[in-house]
Amino acid sequence: MSLNCSLWQDNSMAVKRFAFAKFSEVTEQCFLLFTLILLMFLTSLMGNALIALTIWTNPVLHTPMYFFLANLSLLEIGYTCSIIPKMLQSLVSEARGISREGCATQMFFFSFFGISECCLLAAMAFDRYMAICSPLHYATRMSRGVCVHLSMVSWGVGCMVGLGQTNYIFSLDFCGPCEIDHFFCDLPPILALACGDTSHNEAAVFVVAILCISSPFLLIIASYGRILAVVLLMPSPEGRHKALSTCSSHLLVVTLFYGSASVTYLRPKASHSPGTDKLLALFYTVVTSMLNPIIYSLRNKEVKAAVWRTLHFLPFKECL
């Protein structure tokens with residue numbers, strides 16, 4: 001169902017307000033989707049908040065690997081909170097509109113948290129590289145100050161790219177239609193509503209996506225390539241298993257996040273379809289955020305034990 005944009009345009013015919021497309025005309029389908037997404041959203045919030053709280057309150061987890069994991073959980077909370085509440089509202093009400101300023105704000109925070117996570121995952125891979133390939137120098141080269149700086153760089157890059165992308169997109173004119181064929185203000189569906197030829201803008205967004213997604217990913221591949229080479233030379237099977245087990249959770253998270261993000265933003269425009277894009281976006285905004293704390297807690301004995309202590313409100317010393 002198309003919307004009448006005439007009430008949402010000023011005298012210059014520039015769109016001042018957008019509306020998200022309906023998921024379905026069938027009320028029961030919308031309610032079912034609302035319930036599923038709400039459950040995943042709450043699971044993601046509670047899981048990531050619990051991981052962050054557990055790490056900050058348990059001294060034994062005050063190591064570089066868990067410091068980065070706590071940052072990852074905070075990014076996941078911000079990432080989902082920037083998108084899901086508005087999506088849930090659109091599913092169960094007719095209030096699907098969003099102002100131009102509100103859309104720009106949502107795009108900024110989505111880009112900010114998403115790009116920051118790309119960089120942080122690369123920092124986590126570098127941490128594993130240092131721990132396995134240079135264990136004698138690990139404590140000095142991955143000091144608390146170094147970890148804080150790597151984290152700040154990740155958040156800072158995300159903020160700068162988010163501001164730049166959002167300002168670049170919303171400096172364009174939008175003259176209709178006003179309906180966004182998506183459930184949040186993502187870059188491709190917003191660009192599709194801009195006036196005139198946007199091929200240069202799309203090319204610029206694609207280049208930024210390559211730099212911000214591919215560059216950290218290549219660093220991750222290089223780190224794990226070196227890790228694999230070192231692990232294969234270890235004489236002890238127990239040592240190889242321990243080294244690989246410390247990396248398995250991170251590798252799984254990287255695969256889920258970068259896999260869905262790459263398919264969404266790095267494939268040719270001709271292969272895009274609104275339905276596929278929505279399913280992919282739903283996966284990397286809701287499903288991966290819900291799975292991350294589960295992956296890290298189930299595959300890491302230290303995190304699992306610490307989470308259990310936190311849930312039972314037991315003093316840390318009494319649990320040793």
Side-chain angles (χ1 to χ4, degrees), residues 48 51-76 115-161 211-258 292-293 295-307 316-317 320:
N48 283 295
I51 291 287
L53 178 64
T54 297
I55 291 171
W56 295 126
T57 57
N58 285 273
V60 76
L61 298 181
H62 291 178
T63 63
M65 181 172 70
Y66 297 118
F67 172 78
F68 290 128
L69 179 56
N71 274 268
L72 180 66
S73 294
L74 294 177
L75 285 172
E76 292 286 9
I115 298 300
S116 297
E117 184 166 339
C118 286
C119 297
L120 190 70
L121 288 172
M124 294 172 77
F126 177 72
D127 170 66
R128 292 299 83 209
Y129 162 76
M130 292 300 301
I132 295 173
C133 300
S134 186
L136 297 179
H137 303 286
Y138 179 68
T140 54
R141 293 182 179 176
M142 292 302 294
S143 64
R144 183 170 181 82
V146 171
C147 294
V148 170
H149 280 114
L150 286 173
S151 177
M152 290 175 63
V153 168
S154 299
W155 289 73
V157 169
C159 183
M160 288 189 293
V161 173
L211 292 174
C212 295
I213 295 177
S214 299
S215 298
F217 184 67
L218 290 175
L219 290 174
I220 293 171
I221 294 297
S223 297
Y224 278 107
R226 179 58 180 160
I227 288 171
L228 183 60
V230 170
V231 168
L232 291 176
L233 294 176
M234 290 181 177
S236 168
E238 292 79 10
R240 290 196 295 270
H241 179 267
K242 183 178 179 181
L244 291 174
S245 65
T246 61
C247 302
S248 58
S249 298
H250 182 249
L251 273 174
L252 186 54
V253 169
V254 166
T255 302
L256 291 172
F257 182 81
Y258 276 97
N292 285 355
I295 292 169
Y296 277 107
S297 60
L298 289 180
R299 298 183 64 86
N300 190 302
K301 293 180 180 179
E302 287 181 322
V303 173
K304 195 186 328 184
V307 167
F316 183 79
K317 291 182 180 179
L320 294 177

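- For Arg144, the side chain to side chain contact (heavy atoms under 4.5 Å, CB included) partners two or more places apart in sequence, or in a different chain, are Val148.
- Rounding to the nearest 0.5 angstrom, the gap separating the CG atom in Leu120 from the CZ atom in Phe257 is 10.0 Å.
- Residues satisfying the side chain to side chain contact (heavy atoms under 4.5 Å, CB included) test with Cys147, not counting sequence neighbours, are Pro64, Phe67, Phe68, Met142.
- Atom CG of Leu74 is separated from atom OG of Ser116 by 11.5 Å, given to the nearest 0.5 angstrom.
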Name every donor-acceptor pair, under 3.5 Å, that has one atom in a side chain of residues 213-232 and the other anywhere in the protein, sequence neighbours excluded.
| from | atom 1 | to | atom 2 | distance (Å) |
| --- | --- | --- | --- | --- |
| Ser214 | OG | Ile210 | O | 3.3 |
| Ser215 | OG | Leu211 | O | 2.9 |
| Ser223 | OG | Leu219 | O | 2.9 |
| Tyr224 | OH | His250 | ND1 | 2.7 |

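- Once rounded to the nearest 0.5 Å, the distance linking CG of Asn58 with CG of Leu53 reads 8.5 Å.
- For Glu117, there are no side-chain hydrogen bond (donor to acceptor under 3.5 Å, both in side chains) partners two or more places apart in sequence or in a different chain.
- Heavy atoms of other residues, nucleotides or ligands lying less than 6.0 angstrom from NE2 of His149 number 12 at most.
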N/O donor-acceptor pairs under 3.5 Å from side chains in residues 121-135, not counting sequence neighbours:
| from | atom 1 | to | atom 2 | distance (Å) |
| --- | --- | --- | --- | --- |
| Asp127 | OD1 | Tyr138 | OH | 2.5 |

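- Under the side chain to side chain contact (heavy atoms under 4.5 Å, CB included) criterion, Ser73 pairs with Asn48, Ile51, Ala52, not counting sequence neighbours.
- Note: Asn71 CG to Leu69 CG = 9.0 Å, rounded to the nearest 0.5 Å.
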